[in-house]
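Everything on this sheet refers to the single structure shown next.
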Amino acid sequence: MARIVLVGAGSITFAKNLLSDILTFPELAESTIVLHDIDPARLATAEAMATWMVAELGVGARIEAHTDRRAALDGADYVINEIAVGGLAAVQRDFDIPARYGVRQTIADTLGIGGIFRALRTIPVMVALGHDLAELAPDAVLFNYTNPMSMIPWAVYAGTPFRNVVGVCHAARDTQATLARMVGVPEEEVSFLTAGVNHQAFVLRFERNGENLYRRLDELIEADPDLQRRVRIEIYRNFGYFPTESSEHGSEYLPWFLSKADEVERYRIPVGVYLDWLADGFAEYESQKRSLDEGKGVTIERGDELATLAIHSIETGTPRLIHGNVRNAGLIANLPADACVEVPCHVDRSGVRPTAIGELPAQLAALNRTTLNVSELTVKAALEGRRDHVYQAALLDPNTAATLPVRRIRELVDELITAHGDLLPEGIRS
């Protein structure tokens, strides 16, 4: 049976959701599930949870737990990654230091100054993982959940011999469900086409039986002043297609919102909300750990995680369509070939097969290229150890550039480099 490796398994909610899916698929329930984390205490909690779930469901899955990454990856068929390099302390620095310069952020994991530095400390670990996979499991599929999604898979396929990496994210799927619900049409009756860059993809087709459902959405927005006070609605009204990211998150990728206090209020943007989410996550971890310690276990509930659905399709031949983040290579003709783009992917026994989109509408490609400029320079900075590219990525970042002058951006970058220290590539620190 399959050897499925969860990297970053100490993220208990992440592990619980994946395990619930894997263990409730009869075709996957006899797999070897390998848990890896560098935190022994969290790894032990994940192992206890997995062992309890196997016993509770009465399935034959074998559970392994390793703090050593190479031992975990050896012979893997599938690797699912959701690491958070530096943990809460690093995220806190990503918020606190820019805030002193007047830079507002909401989640700070995809673009913006926080996304840049999250990538810079994550890419060295992912490059090492990619080299390990090329040696120990060259035929494996690496499913990546870690943000920034437009940078992490790019760094793996550009910086290592390992190429079979697919980024997976819920945003496109959730957006399609949201749109169907908003216009009151069952999702299964809607024809969608969604593509672009992760967290900045767009719904290119939104139809039922030839009816353009965007007209219904326009009527809904026009009749609801409250709905008009949403960032993603403003982007839709100005660029013509609905974006896949929430208003909170999407505000960080653009120059028009977080840099202006009155716009933050107008669009009700929750600055720093990710820190609240992390606090909730730590509380949930403690609650689940107590429950396991008391022998009560955890809730097992199928969640249809994209990585698990893809693994099931590859193992069984069940055809599915998911959205994956892969090397462009012409899939979107008016975006750079080396960039990591998000497109629909067919999945079956032959693997994950991305769909060619053609050209995006010019205005959407222009927005995407703005994101990809920052992504490319950040990836190059990490892979080549170039501090000048870090400055350039920050200078080109829309929210940072809209908030600060050149001199202050460079000072902010220098302070963040000093603060993150050894988590960053050596060339950048020197």
Side-chain angles (χ1 to χ4, degrees), residues 81-82 84 91 94 104-119 122-123 143-155 165-179 192-204 230-236 239 241-258 267 269-270 273-274 277 306-307 322-328 331-332 335-336 339-345 357 360 363-376 378-379 393 396-400:
N81 172 70
E82 190 175 75
V91 174
D94 284 343
R104 301 182 184 94
Q105 300 177 97
T106 56
I107 299 171
D109 74 345
T110 294
L111 210 64
I113 197 69
I116 290 169
F117 275 85
R118 186 182 181 99
T122 304
I123 286 172
F143 293 101
N144 175 69
Y145 278 90
T146 294
N147 285 321
M149 190 68 74
S150 66
M151 305 183 204
I152 301 303
W154 190 341
V165 52
V166 181
V168 285
C169 173
H170 307 112
R173 181 177 71 178
D174 291 352
T175 294
Q176 293 179 171
T178 296
L179 281 174
F192 287 105
L193 177 63
T194 301
V197 174
N198 179 246
H199 288 179
Q200 200 181 58
F202 292 88
V203 180
L204 306 174
R230 298 288 183 191
V231 168
R232 71 195 310 192
I233 297 297
E234 193 68 81
I235 299 307
Y236 164 59
F239 287 85
Y241 297 87
F242 202 79
T244 56
E245 193 44 78
S246 68
S247 293
E248 296 83 3
H249 215 173
S251 65
E252 294 184 294
Y253 320 146
L254 303 162
W256 311 300
F257 301 103
L258 284 168
Y267 291 99
I269 302 171
V273 68
Y274 189 55
W277 296 353
L306 295 175
I322 68 168
H323 285 84
N325 292 268
V326 297
R327 184 175 180 271
N328 184 21
L331 296 170
I332 299 179
L335 293 182
C340 183
V341 297
E342 186 168 77
V343 297
C345 297
I357 300 300
L360 293 178
Q363 70 274 24
L364 305 186
L367 274 178
N368 281 176
R369 284 194 294 266
T370 301
T371 291
L372 293 173
N373 289 337
V374 179
S375 300
E376 180 177 20
T378 303
V379 170
L396 288 170
D397 175 69
N399 181 46
T400 309

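Among residues at least two apart or in separate chains, side chain to side chain donor-acceptor pair (under 3.5 Å) pairs with a member in residues 165-174 are H170-E305.
Across G167 and M149, no two heavy atoms sit closer than the pair CA-SD, 3.4 Å. Scanning both residues, V203 and F192, for their nearest heavy atoms gives CG1-CD2, 3.9 Å. For L193 against P344, the heavy-atom pair with the smallest separation is CD1-CG, 3.9 Å. Across M151 and A119, no two heavy atoms sit closer than the pair SD-CB, 3.5 Å. Taking both residues in full, the closest heavy atoms of S150 and V197 are given as CB-CG1, 3.9 Å, listed atom of the first, atom of the second, then distance. Of all the heavy atoms in I332 and A195, the pair that sits closest is CD1-CB, 4.4 Å.
In this structure, CH2 on W277 lies 7.5 Å from OG1 on T106, to the nearest 0.5 angstrom. Separating the CG atom in N328 from the CG atom in L335 is a distance of 6.0 Å, to the nearest 0.5 Å. Distance check, rounded to the nearest 0.5 Å: CD of E245 to CG of L254 gives 11.0 Å. Between C169 atom SG and I322 atom CD1 the span is 11.5 Å, to the nearest 0.5 Å. With rounding to the nearest 0.5 Å, the separation of CD1 in I107 from CD in E248 is 7.0 Å. Here CD of Q363 is found 10.5 Å from CG of N368. Values are rounded to the nearest 0.5 Å.
Take R327 and apply the salt bridge (charged side-chain N to carboxylate O under 4.0 Å, His left out) test, not counting sequence neighbours, and it matches D338. Partners of Y274 by ring pair (Phe, Tyr, Trp, His ring centres under 6.0 Å), not counting sequence neighbours: none found. With sequence neighbours excluded, no residue satisfies ring pair (Phe, Tyr, Trp, His ring centres under 6.0 Å) with Y241. Every residue meeting the ring pair (Phe, Tyr, Trp, His ring centres under 6.0 Å) condition with Y253, not counting sequence neighbours, appears here in chain and number order: H249. Partners of A201 by side-chain contact (heavy atoms from CB on, under 4.5 Å), not counting sequence neighbours, listed by chain and number: T194, T244, E342. A search for ring pair (Phe, Tyr, Trp, His ring centres under 6.0 Å) contacts involving F202 returns nothing, not counting sequence neighbours. Listed by chain and number, the residues in a side-chain contact (heavy atoms from CB on, under 4.5 Å) with T370 are P398 (sequence neighbours excluded). Scored by the salt bridge (charged side-chain N to carboxylate O under 4.0 Å, His left out) test, D109 finds no partners at all (sequence neighbours excluded). Every residue was checked against the side-chain contact (heavy atoms from CB on, under 4.5 Å) condition with A84, not counting sequence neighbours, and none meets it. For S251, there are no side-chain hydrogen bond (donor to acceptor under 3.5 Å, both in side chains) partners, not counting sequence neighbours. For R232, the side-chain contact (heavy atoms from CB on, under 4.5 Å) partners two or more places apart in sequence, or in a different chain, are T175, F242, P243, S247.
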Given T378 and W154, is the side chain to side chain contact (heavy atoms under 4.5 Å, CB included) satisfied, shown in steps? CA-CA 10 Å; T378 303; W154 190 341; over 6 Å; no
Check the pair R118 / V91 against side chain to side chain contact (heavy atoms under 4.5 Å, CB included), numbers first and verdict last. CA-CA 8 Å; R118 186 182 181 99; V91 174; 4.1 Å; yes
For N147 and I152: C-alpha separation, side-chain torsions, deciding distance, then whether side chain to side chain contact (heavy atoms under 4.5 Å, CB included) applies. CA-CA 7 Å; N147 285 321; I152 301 303; over 6 Å; no
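At a threshold of 4.5 Å between non-hydrogen side-chain atoms, the residues L364 and L204 count as touching. Counting heavy atoms from C-beta outward, W256 and I235 have side chains that approach closer than 4.5 Å. In this structure the side chain of L111 never reaches within 4.5 angstrom of the side chain of P148, judged on heavy atoms.
Under the 3.5 Å distance criterion, the side-chain polar atoms of Q200 are left unmatched by any main-chain donor or acceptor of T371. Proximity of a side-chain donor or acceptor of E252 to a complementary backbone N or O of A108 within less than 3.5 Å is detected. Side chain of D397 to main chain of A393: no donor-acceptor pair is present (N/O by atom type, distance under 3.5 Å, no hydrogens or angles). Using modelled atom types, no side-chain atom of E82 and backbone atom of Y145 make a donor-acceptor pair closer than 3.5 Å.
Partner of N325 under the side-chain contact (heavy atoms from CB on, under 4.5 Å) criterion, chosen from N144, N198, V168, V166: N198.
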